[in-house]
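What follows is a set of notes on a single structure, which appears directly below.
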Amino acid sequence: MGNAYDKLQDCLKAVRAKTDFVPQIALILGSGLGNYADTIRVECEIPYSEIPGFPVSTVPGHSGRFIFGTVGDVKLVCMKGRVHYYEGYPIQDVVLPIRLMKLMGAQILFLTNAAGGLNTDTPPGSLMLIRDHISFFAPNPLIGPNVEELGTRFPDMSEVYSGALCEIIRAQAKLHDIPLGEGVYAQLTGPSYESPAEIRALKSLGVDAVGMSTVVDAIAARHAGMKICGISCISNLAAGLSAAPLNHKEVQEAADQAAPRFTSLVTESILAFGKAGLC
Ligand code: HPA
């Protein structure tokens, strides 16, 4: 981990050899937003495999690349595909892409994911604004020598999800009639889904949605001084809350069904961030 910054610089050099695009916003395309690139003006794409040292997903269907483009006047870098901690990468590698996008110039990190819902009033297909998070069992991505070039040793996490960005997302949801809940997202490691007893325990701790990503990204981004927001697509009721066992295909299908609403909320929010001068 001592040379984490050198590794980042090598990745940045490989990106800069292909494009001088400077993004304002970094957008993680979770399940349900996989085809988001169809809605933006694409300028350039870089497969992760062309960036030396960059972690590449082992999950079928999670083909990985950066997509650079614009929504209105706002410049975006999107991550289509990303690695998860359960794939076996060290946690510092899992968050390397976030840090790299910050070094490319992105000031805002817009996180999206598919998640299991812990509340029966947020059925599959619901969207949830992430207000705060809890991490269970995934190591803190800042463990190891501090990368001083990025941020401080003990970064504050009292407002990870920017109040100003959340306010804009709420307003856009209302304006465009897109139902939007709010709550606390918890990251567990996966890859197994939770047991019903784990879900009951999480519920009693104040968790509203559970998944296998996002929190470590948010911690690394906050450390590096980015402004952060996130939306979960509730793709299933969490274990024990419905009679059916969980399977990846159904999670994917429910996320796909929510895609049109999810896409328009993300797009309208990005345009509004630009208009408000937040990026
Ligand atoms: N648990 C964990 N991760 C998930 C779930 C879930 O129920 N649904 C989608 N990702």
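As the structure lists them, so they are numbered: ligands from 1, and atoms in each ligand from 1. The analysis underlying the following values was restricted to heavy atoms, covering all of them including side chains, and did not include hydrogens, waters or symmetry mates. Residue numbers run from 1 in the order of the sequence given.
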Does the separation of the ring centres of Phe21 and Phe66 fall below 6.0 angstrom? no
Side-chain ion pair, Asp208 and Arg131, N-O less than 4.0 Å: no
The protein residues that pass the under-4.0 Å heavy-atom test against ligand 1 are Ala114, Ala115, Gly116, Tyr193, Glu194, Val210, Gly211, Met212, Ser235, Asn236, Leu246, Val251
Could you check Val210 against Glu198 for side-chain contact (heavy atoms from CB on, under 4.5 Å), going step by step and ending with a plain yes or no? CA-CA 11 Å; Val210 63; Glu198 285 168 338; over 6 Å; no
Partner residues of Glu167 under the side chain to side chain contact (heavy atoms under 4.5 Å, CB included) criterion, sequence neighbours left out: Arg170
Parallel, tilted or perpendicular, as decided by the 30° and 60° cut-offs, for the rings of His133 and Tyr161: perpendicular
Donor-acceptor side-chain pairing of Tyr86 and Ser192 below 3.5 angstrom: no
